[in-house]
Structure formats: C-alpha cells, structure tokens
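Below is one structure; the comments refer to it alone.
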Amino acid sequence: MDFSLTDDQRAIENTARAFATTELAPHSARWDAESHFPVDVLRKAAELGFAGLYVKEDVGGSALSRLDASIVFEQLSYGDVTTAAFISIHNMASWMIDRFGSDDLRRRYLPRLTTMDLIASYCLTEPGSGSDAAALGTTARRDGEAYILNGSKAFISGAGTSDIYVVMARTGGPGPKGVSAFVVEKDAPGLSFGAQEKKMGWKSQPTAQVNFDDCRVAAANLIGAEGEGFGFAMAGLDGGRINIASCSLGGAGLALDTAKAHLETRRQFGNPLKEFQGLQWRLADMATDLEAARLMVRRAAHALDNRDPQATKYCAMAKRLATDTGFEVANQALQLHGGYGYLQDFPLERIVRDLRVHQILEGTNEIMRVITARELFKQ
C-alpha cells in the first residue's frame with residue numbers, strides 16, 4: 001500500500017487549497033450571516049474544473065478519479081463547508097447524466113454544467129419518504145413524447161436557483177424497480193418551488209421543496225430506461241457519500257487547526273494551554289481520529305474507482321465514520337475555546353452547525369449502518 005499522493009494529486013490538492021484560501025475562507029462568515037449563495041464563486045471554481053470532476057472530457061469534464069475528487073472536496077471545505085458541499089451535489093447530478101444519459105442528453109447539458117453556466121440539483125428525498133427512498137410517491141406518466149410529473153421533493157439544495165433538476169419519479173409499480181430518472185429544466189411548465197427553509201447550518205445555499213403539478217418533461221429527458229432510475233440514484237449516492245465525508249474532513253481540519261492555535265496563544269493559571277497534558281491528549285485524539293477517518297474515506301474512494309464489489313459497503317462505512325468524527329472533532333474544538341468558541345467571532349460555531357447535517361444527508365448514519373450490516377451478511 002502506498003499512502004502518499006502522486007505529484008498530480010499534490011498539484012490538485014494545492015490548487016483546491018489555494019482557491020479555498022483566496023475565494024472561500026475570507027467570505028465564509030458573511031455568506032453564512034447573510035444566507036448568500038455565491039454563484040459567481042461557484043463559476044470560478046468551475047473554471048478550475050471543479051464542476052465536472054469525474055465527468056468525461058468530451059463534454060468538458062475533468063475525468064478525475066473519486067480519490068482525486070475527495071482530495072478536492074476536503075481542501076475546498078477547509079475554506080467553506082457549505083459551498084464545497086453544494087459543488088459536490090452539482091457534481092453528483094452531472095455525473096448521473098454523464099454516466100447513464102444518452103449521448104444527446106450528455107451533449108445538451110454537460111458542456112454548460114461543467115462550466116456552471118447551468119447549475120444542477122439532485123431530487124430524491126420527499127416529504128413522506130426520506131430514509132425509505134424506494135417508497136417515493138412522485139409519479140411520471142408517459143403522454144406521447146413527454147412525461148407528466150406530479151408530486152414533491154423535500155430538502156433540495158439549490159431549489160429555486162438551480163437550472164437543472166435530476167429527478168427520481170415513479171413510472172411503474174411500487175418499490176425500486178418502478179423508479180425512473182429525469183432531467184427537468186427550471187422553466188418546465190408545472191414546476192414550482194416552496195419557501196426557503198430556515199436551517200441550523202448550510203445557510204449559504206438555498207434549500208426548498210420542489211413541486212411538480214402536471215409538470216411536462218420531454219421524453220428525451222429520461223435518463224437511461226424506465227425503471228432504472230433508483231439504481232442510478234444509489235450509484236450517485238456512493239460517490240456523494242465519499243464527497244460529503246471529505247467535506248467533513250475539511251471542516252474538521254480547520255476546526256482542529258483553529259483549536260491548536262488557540263492552545264498555543266491562550267494562557268490560564270500562568271501557562272499556555274498547550275502545556276496542560278489533559279488538553280494535549282484531547283488534541284492528540286482529535287488529530288488521530290481525523291487521520292483514521294481520512295484513511296477510511298480514501299480507502300472507499302479507491303474501491304469505487306476500481307469497481308470493487310464491496311465499494312458500496314466501504315462508502316457507507318466511510319461516510320458514517322468521517323461525518324461522525326468530523327462533527328465530534330469540531331465540537332471538541334469549540335469546547336477547547338470555552339466561551340469564545342460559542343461566539344461568531346470564531347469559525348467553530350459555524351463549522352459545528354454546518355457539519356451536523358452531514359450525519360443526516362446522503363443517507364442518515366443509521367442507514368449507513370443498515371447498509372454495512374446488509375453487506376456483511378452477504379459475505
């Protein structure tokens with residue numbers, strides 16, 4: 001095993017960290033306070049190839065590996081967790097079109113998605129089906145050269161702002177085999193959006209319900225064939241789980257570095273905090289846990305890149321471990337700051353708020369345990 005990055009991966013890491021340092025970190029607190037969605041900065045990220053990380057090159061993608069993408073998202077999240085997480089969602093939606101869509105569909109949308117001239121959202125979760133995603137109720141009925149969609153999607157990042165929505169809807173009977181996937185444009189007749197959700201974190205990206213009321217979508221916008229959509233959605237989530245785990249690593253890494261700097265400068269009882277053994281041990285455990293989570297995430301990315309039959313299990317394990325660890329490291333970093341950690345003058349309270357949702361989205365961590373156990377019993 002070689003745990004070192006290649007020269008190319010080191011260059012990717014440095015590019016992403018430089019972008020995070022100059023374009024994300026200086027604005028993160030303001031974007032959070034103002035609930036500002038920085039579309040202009042997203043498009044700057046796209047100029048570096050970050051909007052089509054594992055999309056094929058013939059339509060403008062970067063054709064990188066999942067491991068490369070994990071490195072990018074960890075570094076971007078060191079600058080701003082919320083913006084990096086949205087770029088992950090955009091990549092997941094674009095990849096589904098690239099991997100499973102017709103050549104016509106790919107060429108119609110991906111050249112503009114990889115530049116973020118078009119912004120994409122992923123629509124699976126519904127008001128009545130979260131963890132039980134296969135029970136989704138949104139329907140798509142064939143009507144000549146179109147499909148008519150009815151239903152709602154909940155907690156959709158980018159809703160109301162995004163131009164493209166990759167939507168899972170039921171074209172057949174109950175269960176996963178009745179689900180299909182569609183590309184729906186923002187101006188499609190019958191498409192509307194709910195009020196913006198008021199959230200604990202992830203405040204600098206819009207989140208709302210997406211509603212379909214006899215929404216008419218061209219049949220050519222079906223991704224793959226009828227009944228294949230749920231499989232596509234789950235394949236997208238394998239990669240999405242690695243990405244969101246990587247975002248947790250980046251946010252927690254910033255929290256760890258912030259705590260280290262605080263221990264070096266803050267004095268109590270006549271000595272710097274870094275000289276207190278109890279605090280040294282806590283910081284050491286935080287660093288160790290974070291490194292262990294990083295190794296698990298990169299192991300999962302390697303498995304997905306190499307089409308390992310156990311990749312789904314590794315992705316679920318990595319997502320559970322890294323998001324739990326990331327939140328705990330950030331929470332401990334806040335604790336090490338005492339009362340100062342609770343103030344918005346420091347980044348800790350924002351990081352804690354932003355990382356908390358990572359234990360819920362892309363499949364809750366309880367569902368990650370279900371997936372892991374299911375895969376174990378197959379062996």
Note, [X] side chain near [Y] side chain (heavy atom, < 4.5 Å):
X      : Y      : value
Asp324 : Gln359 : yes
Leu5   : Glu13  : yes
Asp40  : Pro38  : yes
Ser94  : Ile97  : no
Arg298 : Leu295 : no
Leu283 : Leu279 : no
Leu361 : Ile244 : yes
Leu355 : Thr323 : no

Taking the basic N atoms (NZ, or NE/NH1/NH2) and the acidic carboxylate oxygens, is any pair closer than 4.0 Å for [X] and [Y]?
X      : Y      : value
Asp238 : Arg99  : no
Arg112 : Asp163 : no
Glu226 : Lys177 : no
Lys260 : Glu264 : yes
Arg294 : Glu74  : yes
Arg106 : Asp98  : yes
Arg353 : Glu349 : yes
Lys44  : Glu23  : yes

Arg267 and Leu273: CA distance, side-chain angles, deciding distance, side chain to side chain contact (heavy atoms under 4.5 Å, CB included) verdict = CA-CA 6 Å; Arg267 298 180 68 88; Leu273 291 182; over 6 Å; no
Applying salt bridge (Lys or Arg N to Asp or Glu O under 4.0 Å), run through Arg216 and Asp143 and close with a yes or a no.
-> CA-CA 9 Å; Arg216 194 172 187 86; Asp143 181 31; 2.9 Å; yes
From CA spacing to verdict: side chain to side chain donor-acceptor pair (under 3.5 Å), Tyr122, Glu362 = CA-CA 11 Å; Tyr122 173 90; Glu362 311 288 32; over 6 Å; no
Assess the pair Phe346 and His337: is the distance between their ring centroids shorter than 6.0 Å?
->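 Aromatic pair counts; centres sit under 6.0 Å.
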We want to know whether [X] and [Y] form a side-chain donor-acceptor pair, criterion being a heavy-atom distance below 3.5 angstrom.
X      : Y      : value
Tyr109 : Asn221 : yes
Gln332 : Arg282 : yes
Arg17  : Tyr78  : no
Asn243 : Asn91  : no
Thr325 : Asp289 : no
His36  : Ser204 : no
Asp213 : Ser192 : no
Asp68  : Tyr54  : no
Glu197 : Thr207 : no
Gln209 : Asn211 : yes
Asp2   : Ser4   : yes
Gln335 : Tyr342 : no

Do Cys247 and His358 pass the side chain to side chain contact (heavy atoms under 4.5 Å, CB included) test, and can you show the C-alpha distance, the side-chain angles, and the key distance before you say yes or no?
-> CA-CA 9 Å; Cys247 290; His358 293 193; 3.7 Å; yes
Partners meeting salt bridge (Lys or Arg N to Asp or Glu O under 4.0 Å) with Glu34 (sequence neighbours left out) =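 Only Arg30 meet the salt bridge (Lys or Arg N to Asp or Glu O under 4.0 Å) criterion with Glu34.
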Should the pair Phe193 and Tyr165 be assigned to parallel (<30°), tilted (30 to 60°) or perpendicular (>60°) ring geometry?
->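 Rings of Phe193 and Tyr165: tilted, as their planes differ by 30° to 60°.
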Begin with the C-alpha distance, continue with both residues' side-chain angles, and end with the deciding distance and a verdict on side chain to side chain contact (heavy atoms under 4.5 Å, CB included) for Phe37 and Val39.
-> CA-CA 6 Å; Phe37 188 41; Val39 172; 3.6 Å; yes
Go through the structure and list residues passing ring-ring contact (aromatic ring centres under 6.0 Å, His included) with Phe50, not counting sequence neighbours.
->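 In terms of ring-ring contact (aromatic ring centres under 6.0 Å, His included), with neighbours along the sequence ignored, Phe50 is linked to no residue.
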Set of residues satisfying ring-ring contact (aromatic ring centres under 6.0 Å, His included) with respect to Phe100, sequence neighbours excluded =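 Phe100 satisfies ring-ring contact (aromatic ring centres under 6.0 Å, His included) with Trp95, Phe232 once adjacent residues are dropped.
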Should we say atom [atom1] of [X] is surrounded by more than 12 heavy atoms from elsewhere, each under 6.0 Å from it?
X      : atom1 : answer
Asn271 : CG    : yes
Gln196 : CD    : yes
His27  : NE2   : yes

Apply side chain to side chain donor-acceptor pair (under 3.5 Å) to Thr171 and Arg142, showing your working.
-> CA-CA 8 Å; Thr171 53; Arg142 184 71 184 253; over 6 Å; no
Can you list the steps and then say if Glu126 with Thr138 is a side chain to side chain donor-acceptor pair (under 3.5 Å)?
-> CA-CA 8 Å; Glu126 296 186 358; Thr138 296; 2.7 Å; yes
Establish, yes or no, whether the cationic atom of Arg299 lies under 6.0 Å from the six-membered ring centre of Tyr314 and within 45° of the ring axis.
->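 Ring-cation test returns yes.
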